[in-house]
2 protein chains.
Amino acid sequence: MKNAPDPKADLSAQIAQAIRDAIVEGRMIVDERLPSEAELAEQFSVSRPTVREALKRLAAQSLIRTARGAFGGAFVNHLRYEDAYGQQITTSTLLLSMNAVSFETACEARYALERACTPLAADRRGPDHLATMRAEIHRQSQAGLSDEAFCASDVAFHRALVDAAGNPVLSYQLAGAVEAMQPLMNMITFTARSREAIVRLHSRIADALQAHDAAAAESALHELEAYTQTLGRDVMAARAARAGQ
Amino acid sequence: MKNAPDPKADLSAQIAQAIRDAIVEGRMIVDERLPSEAELAEQFSVSRPTVREALKRLAAQSLIRTARGAFGGAFVNHLRYEDAYGQQITTSTLLLSMNAVSFETACEARYALERACTPLAADRRGPDHLATMRAEIHRQSQAGLSDEAFCASDVAFHRALVDAAGNPVLSYQLAGAVEAMQPLMNMITFTARSREAIVRLHSRIADALQAHDAAAAESALHELEAYTQTLGRDVMAARAARAGQ
DNA sequence: GGCATTTAAATGTCTGACAATTTGATTGGC
DNA sequence: GCCAATCAAATTGTCAGACATTTAAATGCC
């Protein structure tokens with residue numbers, strides 16, 4: 001199709017794009033071996049280092065993997081969920097930090113997405129999901145927990161909620177939204193009182209899912225979003241006040 | 001923190017990871033210039049080609065950009081939404097095709113995510129969003145439209161719906177879900193009758209958003225999901241029958 | 001002072017070589 | 001004949017040095 005190589009791009013970028021197209025369009029199947037670097041260099045009429053740079057670009061996106069030795073080489077990679085998770089989280093985190101997305105916008109997106117999972121989660125949650133959520137709630141109730149640990153537990157709780165929907169595509173899409181929020185959440189100082197409020201809402205969510213009550217879970221999530229927004233606004237106000245002094 | 005360089009990884013991968021950590025952890029800020037390749041080579045005690053491969057890895061993830069010439073070099077990239085979109089779509093598409101995700105699972109995820117946008121979209125949709133949706137509906141009504149063009153218009157319609165929520169983070173997260181479905185949707189042959197049904201549901205969604213009626217939009221989306229699932233099941237059944245012959 | 005030229009710095013590319021690693025065949029011992 | 005150790009071949013990983021290309025700043029001319 002789009003066989004027009006961008007003339008302004010570097011050679012290594014053009015070659016990477018050509019191979020990427022071949023993979024994405026299905027002309028190369030999973031675990032198929034690419035020609036050796038020397039052969040590719042000849043095919044594209046470039047030198048081996050140039051081919052290597054192209055292959056490294058693809059390797060960075062987990063599209064290929066390489067192995068040394070005889071019968072080694074570059075292979076079309078079977079993209080696993082965990083690889084995709086990692087990339088999505090990195091990209092989402094950077095996007096949030098670099099575009100200076102407001103706490104409000106990120107929070108709104110995150111909870112909107114989580115509510116999308118709720119009806120499915122209420123339907124399909126298994127005992128393991130509930131157990132994870134209960135365990136994280138218990139951890140969050142412990143005194144002396146650092147703010148970072150509280151945040152991490154919060155993420156684990158919400159991931160369990162997402163996973164309870166039993167849809168790997170949904171879990172993948174939401175991994176970025178939930179994890180990327182963590183740096184923003186880490187700016188918040190969780191007082192004993194706010195922790196108590198969050199734990200209570202988490203419990204309500206777990207209870208609702210256990211009772212297969214999607215509406216109750218959604219309502220609790222709405223309240224949690226509102227409460228989180230309040231906490232975020234307080235932090236931002238405090239920051240602004242400090243900066244204005 | 002994790003200053004333990006993975007000894008089994010390639011040098012170029014280790015260097016890429018070191019620089020990536022520096023960027024992600026904020027030790028390098030946006031638009032800051034990295035040392036030249038020669039300086040990096042000296043710092044890490046490796047050769048220039050090795051450094052270059054590391055930089056290409058980062059460039060593939062849009063973490064850095066490079067410029068030639070005096071005062072050129074590698075700069076920490078300001079990750080724009082469109083860059084992130086592209087990466088997410090590529091990753092999502094591959095993930096769906098390689099893990100052989102069922103049409104059902106992908107479809108369920110997509111519509112669940114879209115419904116997450118609906119309340120916000122009903123609240124904030126502007127005249128431009130409605131105009132885009134109406135235009136795409138009009139295109140979809142035209143006879144003689146190829147299935148690919150119909151699918152592309154469908155994607156455009158749904159992207160307008162997502163964008164109407166007015167939350168860039170949400171738009172980013174959903175870009176992958178909506179676009180990655182397109183190859184799966186392209187397997188469907190849209191008859192005149194099914195197109196008519198889809199157009200009618202699209203119109204109901206646009207009407208509902210125009211009336212700020214989130215519930216009506218959600219209900220239409222539910223019906224659209226059910227109808228799409230039916231179409232998908234028919235295709236799969238036909239395929240299975242053909243394969244079984 | 002403004003414009004064309006030069007120059008320097010940096011990335012992009014090439015060539016050739018060697019090191020490291022893995023697989024498969026060969027060879028030797030029993 | 002069978003098994004193990006060894007060796008050869010193929011391939012990626014790394015290095016060194018060189019040249020081409022591009023870009024912006026410095027310089028000189030008018």
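Note: hydrogens, waters and symmetry copies are ignored here, and every other heavy atom, side chains too, is used. In what follows, chains carry the letters A, B, and so on, assigned in the order in which the sequence lines appear, proteins first and then strands, with residues in each chain numbered from 1.
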For [N], take OP1 and OP2 only and decide whether either is under 4.0 Å from a side-chain N or O of [X].
X     : N      : answer
A:T50 : C:dG12 : no
B:R52 : C:dT11 : no
B:R48 : D:dA16 : no
B:T66 : C:dA10 : no

Quick check for you: among [options], whose closest atom lies nearest to any side-chain atom of [X]?
X     : options                : result
B:R33 : C:dG24, D:dG13, C:dA10 : C:dA10
A:R68 : D:dG13, D:dA9, C:dT11  : D:dG13
B:S36 : C:dT11, D:dA24, D:dG13 : C:dT11

Write down the distance between [atom1] ([X]) and [atom2] ([N]), rounded to a whole number of angstrom.
X     : N      : atom1 : atom2 : value
B:R65 : C:dG12 : CZ    : C1'   : 18 Å
A:L11 : C:dT11 : CG    : P     : 17 Å
B:F44 : D:dT14 : CZ    : C1'   : 16 Å
A:F75 : C:dT22 : CZ    : P     : 13 Å
A:L40 : D:dT11 : CG    : C1'   : 12 Å
B:E53 : C:dT13 : CD    : C1'   : 14 Å
A:E37 : D:dA10 : CD    : C1'   : 12 Å
A:D10 : C:dT11 : CG    : C1'   : 9 Å

Would you please say whether a donor-acceptor pair under 3.5 Å links the side chains of [X] and [Y]?
X      : Y      : answer
B:T228 : B:Y111 : yes
B:T93  : B:E179 : no
B:S171 : B:Y81  : no

With a cut-off of 6.0 Å (strictly less than), are more than 12 heavy atoms of other residues, nucleotides or ligands near NE2 of B:H138?
no
Enclosure of B:E42 CD (heavy-atom neighbours >12, cutoff 6.0 Å):
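No, because the 6.0 Å sphere around CD of B:E42 holds 12 heavy atoms or fewer from other groups.
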Which comes earlier along DNA chain C counting from the 5' end, the contact point of B:P35 or that of B:P49, where each point is its nearest nucleotide?
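Taking each residue's closest nucleotide, the earlier one in sequence belongs to B:P35.
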For DNA chain C, whose closest nucleotide is more 5', that of A:G69 or that of B:G72?
B:G72
